[in-house]
Amino acid sequence: LGRAGGTEGLIGGQVLDLDQNSRGAWSTVHGRRSTVEHLEEIAKRKTAALITASVVAGGLAADATTAQLRRLRRYGQDVGLAFQFLDDVHDGEGLAKALGPDEARAHAQGLIQRAVQQLAPFGPRAALLRHLAQWLATT
């Protein structure tokens with residue numbers, strides 16, 4: 001939780017976000033690829049970090065093994081980033097503006113598929129997490 005909320009996570013992501021906003025049109029200075037990478041880094045540190053912390057906390061509460069926690073962490077990172085892509089598509093900003101809505105949505109779908117694959121070893125115990133990812137895929 002400390003890392004997710006601290007300088008490696010939410011606070012660090014917010015600093016990057018504010019830095020981008022203070023520079024104005026980041027893409028005119030750094031180009032499309034740099035803009036996408038920068039926006040993804042912000043999303044990883046903010047949205048994905050908080051979702052990952054929630055998922056991993058559940059695994060810790062359930063006495064998950066190190067290997068299981070690693071899978072839960074990957075799931076959370078992928079679902080969190082996919083959520084941000086889709087939120088940006090909905091809002092017409094951020095990653096969707098940099099990539100275009102179709103490419104952003106396609107990237108989100110790939111992340112969701114990868115996230116669900118991380119849950120395979122959990123079987124029915126991960127039904128709720130699977131359902132969450134599948135719901136996200138339909139939004």
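None of these values were measured; they are calculated from a predicted model. By convention here, the first residue in the shown sequence is residue 1.
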(message) I need the minimum non-hydrogen distance between P101 and V89, along with the two atoms involved.
(response) O-CG2, 3.8 Å
(message) For residues W135 and L86: do they belong to one hydrophobic cluster (side chain heavy atoms under 4.5 Å, members Ile, Leu, Val, Met, Phe, Trp, Tyr)?
(response) yes
(message) Can you give me the closest heavy-atom contact between V79 and A115, atom names plus distance?
(response) CG2-CB, 3.6 Å
(request) Search all heavy atoms of A133 against all heavy atoms of I112 and return the closest pair with its distance. (result) O-CG2, 3.5 Å
(message) Give me the atom names and distance for the closest heavy-atom approach of G80 to T47.
(response) O-CG2, 3.6 Å
(request) Measure the shortest side-chain to side-chain distance between R70 and R74 over non-hydrogen atoms and say whether it is less than 4.5 angstrom. (result) yes
(request) Kindly give the heavy-atom pair with the smallest separation between A43 and L81, and that separation in Å. (result) CB-CD1, 3.6 Å
(request) Enter the distance from K44:NZ to D78:CG here, rounded to the nearest 0.5 Å. (result) 9.5 Å
(request) Mind checking the CG-CZ spacing from D102 to R105? Nearest 0.5 Å is all I need. (result) 8.0 Å
(message) Under 4.5 Å between side-chain heavy atoms, counting indirect links through other Ile/Leu/Val/Met/Phe/Trp/Tyr residues: same cluster for V116 and L111 or not?
(response) no
(request) Any chance you could measure E41, atom CD, to L39, atom CG, to the nearest 0.5 Å? (result) 11.0 Å
(request) Taking side-chain contact (heavy atoms from CB on, under 4.5 Å) as the test, write out the residues that go with L119, two or more places apart. (result) L72, Y75, F122, A126, L129, R130
(request) Can you sort out the partners of D88 under side-chain contact (heavy atoms from CB on, under 4.5 Å), two or more places apart, ordered by chain and number? (result) Q84, E93, L95, A96
(message) Among V56, T52, I51, exactly one meets side-chain contact (heavy atoms from CB on, under 4.5 Å) together with Q77. Which residue is that?
(response) T52
(message) Ignoring hydrogens, what is the shortest heavy-atom contact between V55 and G76? Give both atom names and the distance.
(response) CG2-CA, 4.5 Å
